[in-house]
Structures are given as structure tokens and as C-alpha cells.
Amino acid sequence: MTDLTLARDEPTPDVAADGTWLACIECGAVHAPFDAPIYRCPDCSGLLEARYAEYPTFETFAEEGRGVWRYAASLPFESGVSLPEGDTPLHAVPRLEDEIGTRTLRIKHEGMNPTGSFKDRGMTVGVRVAAELGVGRLACASTGNTSAALAAYGGRGGMQTLVLLPAGKVAAGKVAQASLHGARILEVDGNFDACLDIVAELADRGEAYLLNSLNPFRLEGQKTIGFEILERYQADYGRYPDRIVLPVGNAGNTAALYKAFRELVASGALDAEDVPKLTGVQAAGAAPMVEAIEEGAADIERWESVETRATAIRIGNPVNARKALPGIRKTGGTAVAVADDEITDAQRALASEGVGVEPASAASVAGLRKLREAGVVESDEDVVCLTTGHLLKDPDAAAAAGTEPEPVPNDTDAVLDHLRGE
Ligand code: F0G
């Protein structure tokens, strides 16, 4: 298995820029980070990871300010185009905690970011790197949320944005965002994986700068989810959570959280045994990561045909699998698949406690419920579920999961009669 341990005193290679460089997770080759865009190792095509001369401790995070850039000590730059992002709530959900039966259950609601998903955290860093490289056009393939974030951050940074979407499979709110924030939108007759194949080729041909999670700097921004969870848990309970449950599509977040924890372990700020168990959840109709975990495989097998109501995670070829599989395994986590109806039930349960999320996000809670029922998650565990996108992203799914509006006449007495069931 790929060894992703970060060395504390790794010598800084000549290719480094200001203590930052890229390393291939497969062959270990090191590459200059900002000379020209690279997304995979030119030697072996392996995934790349950002490396630093120094890894952060909690003390290196700024006391002032909020959000992603407060964690600049763990990022390649001090600031970037910011709306601002991060610093999302960690909701208590007492009824759900009681029903599922864990020691504590908190919901890290990433839907509260400026464009309504966690993608903003990666985009603020990715767009900063794009500015450093001097590229003109930013591009991504997307199930929707990445396209919304790219359009907003790229637009604010004064850059052109291009997004490739699987035709007919992106929730209405996300297309509306990408459109109004000024992206050029191409609807591809194929699924997300096909869109990513095309946009990666456009990037390789120098036509655009790729800001999917294949871009290692996107994941640097997303690491801050992990830092925020650990800091908040420590402040509220004097300990760290045992487990973090999250939806998995391209497995970027899984890889990013694992990187956050490895950095803290490398700096000596976190004991390896205190790293939360990363637990991934996929929709049953798009579950190659679950399959790889169950089979003990070193990589995923691409699923050509995928389907789920949780369109954000309708992905058959998770590009970050080689980073995320070790993250799940080495933290003692697992992966589980859930049915669409289980996702909708969880979406309703969260909504009844005031936490409005899109279907993919609710997969985390559906997965936790299933693993708790199976006894894989124990009753004495402190658990955080990540909810990745806001309810309003997918208004059609929300309306379908909610109650029907009741038509009434334009008359108070008639309204009262209706309410009394007469
Ligand atoms: N949840 C939501 C709401 C998402 O939009 C995504 C990914 C995921 C979970 C999965 O995260 O890829 O890090 O495992 N959406 C991408 C997009 C693919 O294009 O917006 P992951």
C-alpha cells in the first residue's frame, strides 16, 4: 500500500518554492509547485501531494481572523481571493444523537460556506495558485458544487471559467449558480467521469487550468475542515472525536482530512492514536470505494454505470482513491454504501433538527445509522458527520422529500376550517 506518512524533517528539495513542493505519492519524485501547472507525476502519472518544509501545530494557527486563511501556516500562501469561506458550524443534534445512539454526535455543516458547499475551501487556495501560475482560464468537470465554487471564486478573481457538467444530472441550484457567476457551461452527453476525462485532457493540452480535486492544492484548502473539527471538539469536550463520517464521491475530502491529520502527527501536535477514524459513505448505485474497502483492494475498479438521487456523488471513478483508501484503512475507519431511500430518511431527520442539507450530504448520517445498527460504530463513540452541501442546492430533491403544500381559498374562515380538517 502507498505509504503516505509525512516525515517531520524531510530535506527541502531544490525544486521547492518558499518551502513548498509537490511529491508523487507513488514514486516519490519531487516537482516544482508553481513553475507550470502539473496535476499528475510526469514520471509515473501518480497523484501529487503538496509537501512543506514545516508542518503546523495548533499554535501556528492565527488567533485573529476566521476561516480557511486562519490556517495559513498549513497552506502555500498567506491569503487569496476570499468570500470568506470556512468557519462552518458544528451543530449539536440531540434527537438524532439519541436515536442513533452515540456518545456525542455533531454535524459539521459545510453547506454554510459562501456558495453552499465545502468546495469553497479548496477553491480559495486553488484560485490563489492559479494567480501564481498566471493562467487565464480555469476549468472543472462537476456534479455541480465544484462548478458553482469555481464560477464564484474565478469570477471574483477576474478569471474566465469553464465548466463541464453531465447533461441532465446536476441539481438546479448548482447550474443556476455557475451560470449567474459567469461560467461558460458545457453540458456533456455522459456522466461526471466522462466530463473529467475531457477536462483533464483540455488541461494537459494547456487549454485551461484544472481545478478539480485532482489538483493537489484544492485539497490543501479542504484540510481546514479537519483542523476546525479538532479545535472545536477539543474546546467543547476536552478531547478529539473518535470518528468522522463523510460522503465520498471523488474521495477528495477523505484524502484532505487524512492529510490534515498526518500533518499534525508529523509536527507532533497530534498523537497517531488520536486521529479520528475516517469513515466513507457512498450511494449504493455509485460505490467503487466501498467495493475496494470490502475487497481489500489497493485501488478502485471504475464503475461505468452509476445512478443515485444524490447526484453530487454520482461518480464511478474516484480520482483520489489512491490517497483516500490508505486514509480510511490506516485510521481504522471503514466504508459503507446506503440506498437512496436511506439517504432521504436521513435528509428528513437532519431537516427536522433545522439542519438543511442536500441528498449527498445526508449520506453521511445514513451511513452512520447503518454502521451503528450493525454494531460497527459503538455506543461510546464521539462522532462527527460531515454534511457537504446546502439544502437549497437541490430544491427538487428537497421538495420531493418534504410535505406537499396544501391549496386553500383566499379566506380566513376557510383557512381555519381547513386547519381543523373540516
Ligand atoms: N458532497 C457533495 C455535496 C459534493 O458536491 C461532493 C462532490 C461530495 C460530497 C464528494 O466529495 O469528491 O471530495 O469525495 N462534488 C464534486 C463536484 C464531484 O463536482 O461538485 P469528494
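Residue numbers start at 1 and run along the sequence shown. Read the numbers this way: they start at 1 and go in the same order the structure lists the ligands and their atoms. The structure displayed is predicted, hence computed values, not measured ones.
- Taking atom 20 (O) of ligand 1 as the reference point, the nearest protein heavy-atom neighbour is Thr146 N, 2.8 Å.
- Residue contact check: Thr143 has heavy atoms under 4.0 Å from atoms 15 (N), 16 (C), 17 (C), 18 (C), 19 (O), 20 (O) of ligand 1.
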(request) Would you please test Lys174 and Glu358 for salt bridge (charged side-chain N to carboxylate O under 4.0 Å, His left out) and show each step? (result) CA-CA 11 Å; Lys174 306 174 188 182; Glu358 67 167 291; 2.7 Å; yes
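- For atom 10 (C) of ligand 1, the closest non-hydrogen atom of the protein is Gly249 N, 3.4 Å.
- For Tyr153 and Glu85, the side-chain atoms include at least one donor-acceptor pair closer than 3.5 Å.
- Looking only at distances, a side-chain donor or acceptor of Ser364 sits under 3.5 Å from a matching main-chain atom of Leu386.
- With Glu110, Lys119, Gln282 as candidates, the residue nearest to atom 15 (N) of ligand 1 on a non-hydrogen basis is Lys119.
- The shortest contact between atom 5 (O) of ligand 1 and any protein heavy atom is with Asn145 ND2, 2.8 Å.
- Side chains of Lys169 and Asn191: a donor-acceptor N/O pair is absent below 3.5 angstrom, by distance only.
- Atom 12 (O) of ligand 1 has Asn250 N, 2.7 Å as its closest protein atom, hydrogens excluded (heavy atom only).
- Of all atoms in ligand 1, listed by their number and element, those nearer than 4.0 Å to a heavy atom of Thr388 are 1 (N), 2 (C), 3 (C), 9 (C).
- Between Gly252 and ligand 1, at least one pair of N/O atoms sits closer than 3.5 Å.
- Ranking protein heavy atoms by distance to atom 8 (C) of ligand 1, first place goes to Ile313 CG2, 3.6 Å.
- Each of the atoms 14 (O) of ligand 1 lies under 4.0 Å from some heavy atom of Val248.
- No side-chain donor-acceptor contact under 3.5 Å links Thr124 to the backbone of Arg121.
- Which parts of ligand 1 touch Ser142 is read off a 4.0 Å heavy-atom cut-off, strictly below it: atoms 17 (C), 19 (O), 20 (O).
- Using modelled atom types, one side-chain atom of His390 and one backbone atom of Leu392 make a donor-acceptor pair closer than 3.5 Å.
- With hydrogens and angles disregarded, a donor-acceptor distance shorter than 3.5 Å links the side chain of Ser142 to the backbone of Ser147.
- In this structure, Ala251 counts as a contact residue of ligand 1, since one of its heavy atoms falls inside 4.0 Å of the ligand.
- Remark: the backbone N or O of Arg218 is not paired with any side-chain donor or acceptor of Lys119 at under 3.5 angstrom.
- Looking from atom 11 (O) of ligand 1 to the surrounding protein, the closest heavy atom is Phe118 CZ, 3.5 Å.
- By heavy-atom distance, the residue among Leu196, Asn253, Ile315 lying nearest atom 13 (O) of ligand 1 is Asn253.
- In terms of protein heavy atoms, atom 4 (C) of ligand 1 is closest to Ala312 CB, 3.6 Å.
- Panel note: side chain Glu228, backbone Asp87; a donor-acceptor pair is recorded below 3.5 Å.
- For the side-chain contact (heavy atoms from CB on, under 4.5 Å) criterion with Phe192, the lone passing option out of Asn212, Thr146, Asn317 is Asn212.
- Each of the atoms 3 (C) of ligand 1 lies under 4.0 Å from some heavy atom of Glu358.
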